[in-house]
Protein chains: 2
Amino acid sequence: MSSNSIRARVRQELTSEIKAVARRQLATEGANLSLRAVARELGMVSSAVYRYFPSRDDLLTALIIDCYNEMGEAGETAAAVTGTALERWLAFGHAIRDWALAHQAEYALIYGSPVPGYRAPRDTVEPAARTTVVLARFLADGYTSGELRVTYADDAAPPPELETELVQALPVIAPDIPIPLLLRGLTAWIQLYGVITFELFGRFNNFIESSRREFFDHQMRVMAREIGL
Amino acid sequence: MSSNSIRARVRQELTSEIKAVARRQLATEGANLSLRAVARELGMVSSAVYRYFPSRDDLLTALIIDCYNEMGEAGETAAAVTGTALERWLAFGHAIRDWALAHQAEYALIYGSPVPGYRAPRDTVEPAARTTVVLARFLADGYTSGELRVTYADDAAPPPELETELVQALPVIAPDIPIPLLLRGLTAWIQLYGVITFELFGRFNNFIESSRREFFDHQMRVMAREIGL
DNA sequence: ACGAAACGAGAGCAGTGCTCTTGACTCGAT
DNA sequence: ATCGAGTCAAGAGCACTGCTCTCGTTTCGT
């Protein structure tokens, strides 16, 4: 059978070996990592790498997909922990942040500036949505189970254009939650990644240095109250 | 006098011309713009550009400083508008967003992923702080004038390590405001740039498309209430 | 008017992504 | 066991990059 042939196995191993080396290079070179340097480190010639990834962008795509999946899995397992909704929310947030801190270059690759000239293929959108799906499910479950207790009494009503667009997107995001809760969830979503991005991209330098984890935790608790925890 | 010599004037003009071309290239090539391409577009040879910028990184630094100053100026003039504190807050936020939308590559350069291998020199920190200074002054003025009415009754107390670090940083950021207000201001600060970053980096694609301005406005109003407007 | 400094142009070096060709290897089917 | 097809690593080569150095020329301050 072809899938177990020597060639297929070697190909599989070499493919992940290339990705591993490329991810190590990502830390120092960022998105413009050198395919030739990867090949050099693996003791092969650059043209050989093209047997495994038809272009540098395809290698980047493979890395991006892997990173999205890793972060998504980290978020999923954290959110699946047993405990109160608040505990699960905090576990989720810290899981995302921990992964980002441990893989700064990878986080920059998937959540930082878009790589110029790179067009993300369709294969990336599903892995990219994993963490967002966790969050949406968290909101939906919390709402139907009653764990999220929010009163939207003094919420500013969204302008009609925004509301219709949100209603339109609701079925594919988080069905059966009210628009005000979705808006608050979006605030929390943006805040979560906003804090991480600011932290990793140096916005807290010479300002918040030793208590960044505490700051993140505080912001996540503020957002927890925002979504009704 | 040397500052009025032909050479000095030509040098001044060519310097800004190089920066202008480089910024145009920024849109298509991002942070890895080509010094040679810039030179080519200006009809000179690549080595000539090195008379004006000793390295590509120095050219990037010049662009970064210019961008910080432009955005800072946009924020300053917007915040100086006459009106209620809420109006000034909204004007500030939209000014930042408008500048970012009009200069997407430039925004990515200063607020996106750190350029690998690039170390920002000291000259950049003051321009970088301009928008933040506007915001800090806004908080301080609003607090002393009583325009910001916040009750911190059910605010979660920050952990002591975070509080001491914030107290330590308070004098250089926004003197004479209480820590709870500073924390809420940080939330608003992060949210402002978080929404813009998500919008520009494609996080809203296939989700919020035509009502992005309304969404941003809504988030800014949520944050306005957060800081007591 | 003269020496110094600044300047543009060109050649050159090492590196890059990518293509094409060449020869060796492995595979599945006969 | 053999043989054609597909796969592989290697190398040469193209156009590009940042950067350095040298070489005449121009401009400056004195």
Side-chain angles (χ1 to χ4, degrees), chain A residues 1-19 21-64 109 115-119 121, chain B residues 1-19 21-64 109 115-119 121:
Chain A
M1 28 190 103
S2 74
S3 62
N4 270 0
S5 67
I6 296 180
R7 217 170 224 165
R9 277 223 319 273
V10 169
R11 182 179 183 86
Q12 168 75 21
E13 286 175 16
L14 210 58
T15 300
S16 38
E17 208 164 343
I18 290 173
K19 289 197 293 185
V21 174
R23 277 185 65 168
R24 225 178 305 144
Q25 283 227 351
L26 212 61
T28 64
E29 306 297 332
N32 38 13
L33 59 89
S34 161
L35 224 154
R36 289 179 109 115
V38 171
R40 208 178 306 132
E41 190 170 334
L42 285 171
M44 52 175 152
V45 93
S46 73
S47 57
V49 181
Y50 283 86
R51 298 266 173 207
Y52 298 86
F53 297 97
S55 79
R56 210 191 64 116
D57 277 8
D58 290 276
L59 175 54
L60 274 185
T61 298
L63 297 184
I64 288 171
L109 180 65
V115 180
Y118 173 80
R119 181 82 199 121
Chain B
M1 22 191 108
S2 73
S3 61
N4 269 0
S5 67
I6 295 180
R7 210 164 231 172
R9 277 223 322 271
V10 169
R11 182 179 181 85
Q12 167 75 21
E13 285 175 15
L14 241 174
T15 300
S16 39
E17 209 165 341
I18 291 173
K19 289 197 294 187
V21 174
R23 277 185 64 169
R24 225 178 305 144
Q25 284 226 352
L26 212 60
T28 65
E29 305 298 332
N32 38 13
L33 59 90
S34 160
L35 223 154
R36 289 179 108 114
V38 171
R40 209 179 304 131
E41 191 170 333
L42 285 170
M44 51 176 154
V45 95
S46 73
S47 57
V49 181
Y50 283 85
R51 300 272 177 204
Y52 299 86
F53 297 95
S55 80
R56 210 192 63 117
D57 279 7
D58 290 276
L59 175 55
L60 276 185
T61 297
L63 297 184
I64 288 173
L109 180 65
V115 179
Y118 173 82
R119 182 81 199 123

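The analysis underlying the following values was restricted to heavy atoms, covering all of them including side chains, and did not include hydrogens, waters or symmetry mates.
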Chemist: Run the side-chain donor-acceptor check on residues 34-46 of chain B: report pairs under 3.5 Å with partners two or more places apart or on a different chain.
Modeler:
{"unit_1": "B/Ser34", "atom_1": "OG", "unit_2": "B/Arg36", "atom_2": "N", "d": "3.3"}
{"unit_1": "B/Ser34", "atom_1": "OG", "unit_2": "B/Ala37", "atom_2": "N", "d": "2.9"}
{"unit_1": "B/Glu41", "atom_1": "OE2", "unit_2": "B/Arg24", "atom_2": "NH1", "d": "2.8"}

Chemist: Of all of residues 41-52 of chain A, which get a heavy atom below 4.0 angstrom from DNA chain D, listed by number?
Modeler: A/Met44, A/Val45, A/Ser47, A/Ala48, A/Arg51, A/Tyr52

Chemist: Can you tell me how far P of D/dT27 sits from CZ of B/Arg9, to the nearest Å?
Modeler: 13 Å

Chemist: Quick one: does B/Arg7 reach the base of D/dT26 with a side-chain donor-acceptor pair under 3.5 Å?
Modeler: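 Per atom types, the contact qualifies.
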
Chemist: With sequence neighbours excluded, what pairs up with A/Tyr52 under the side chain to side chain donor-acceptor pair (under 3.5 Å) test?
Modeler: none

Chemist: What closest approach, in Å, do A/Pro121 and A/Thr61 show between heavy atoms, and which atom pair accounts for it?
Modeler: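 Closest pair (atom of A/Pro121, atom of A/Thr61, distance): CG-CG2, 3.5 Å.
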
Chemist: In whole Å, what is the span from the CD atom of B/Glu13 to the C1' atom of C/dC7?
Modeler: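 Interatomic distance, CD of B/Glu13 to C1' of C/dC7: 16 Å.
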
Chemist: Report the distance from atom CZ of B/Phe53 to atom C1' of D/dG18, rounded to the nearest whole Å.
Modeler: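 Those two atoms, CZ and C1', are 16 Å apart.
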
Chemist: Students often get this wrong, so: under 4.0 angstrom with heavy atoms, is B/Leu59 touching a base, only sugar-phosphate, or nothing?
Modeler: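 Counting heavy atoms under 4.0 Å across all strands, no contact is made by B/Leu59.
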
Chemist: Quick check on contacts: within residues 33-40 of chain A, what sits under 4.0 Å from DNA chain D by heavy-atom distance?
Modeler: A/Arg36

Chemist: List in chain and number order the residues that pass side chain to side chain donor-acceptor pair (under 3.5 Å) with A/Asp58, two or more places apart in sequence or in another chain; answer none if no residue qualifies.
Modeler: A/Ser55

Chemist: Going through the distances and angles, do B/Leu33 and B/Leu59 end up as a side-chain contact (heavy atoms from CB on, under 4.5 Å)?
Modeler: CA-CA 10 Å; B/Leu33 59 90; B/Leu59 175 55; 4.2 Å; yes

Chemist: To the nearest 0.5 Å, how far apart are CZ in A/Arg23 and NZ in A/Lys19?
Modeler: 9.0 Å

Chemist: Quick check: closest heavy atoms across A/Ala31 and A/Leu60, and the distance to 0.1 Å?
Modeler: O-CD1, 3.8 Å

Chemist: Sequence neighbours left out, what passes side chain to side chain donor-acceptor pair (under 3.5 Å) with A/Arg56? Give chain and number order.
Modeler: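 A/Arg56: no side chain to side chain donor-acceptor pair (under 3.5 Å) contacts found.
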
Chemist: Round to a whole Å and report the spacing from CZ of B/Arg56 to C1' of C/dT16.
Modeler: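 My rounded result for the distance is 13 Å.
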
Chemist: With respect to the phosphate group of D/dC8, does any side-chain polar atom (N or O) of A/Arg11 fall under 4.0 Å of OP1 or OP2?
Modeler: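 The answer is yes; a side-chain N or O of A/Arg11 sits under 4.0 Å from OP1 or OP2.
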
Chemist: Rounded to whole angstrom units, what separation is found between the CG atom of A/Leu14 and the P atom of D/dA9?
Modeler: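 Checked: the CG to P distance equals 6 Å.
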
Chemist: Applying side chain to side chain contact (heavy atoms under 4.5 Å, CB included), can you list everything that pairs with A/Gln12, at least two apart in sequence or on another chain?
Modeler: none

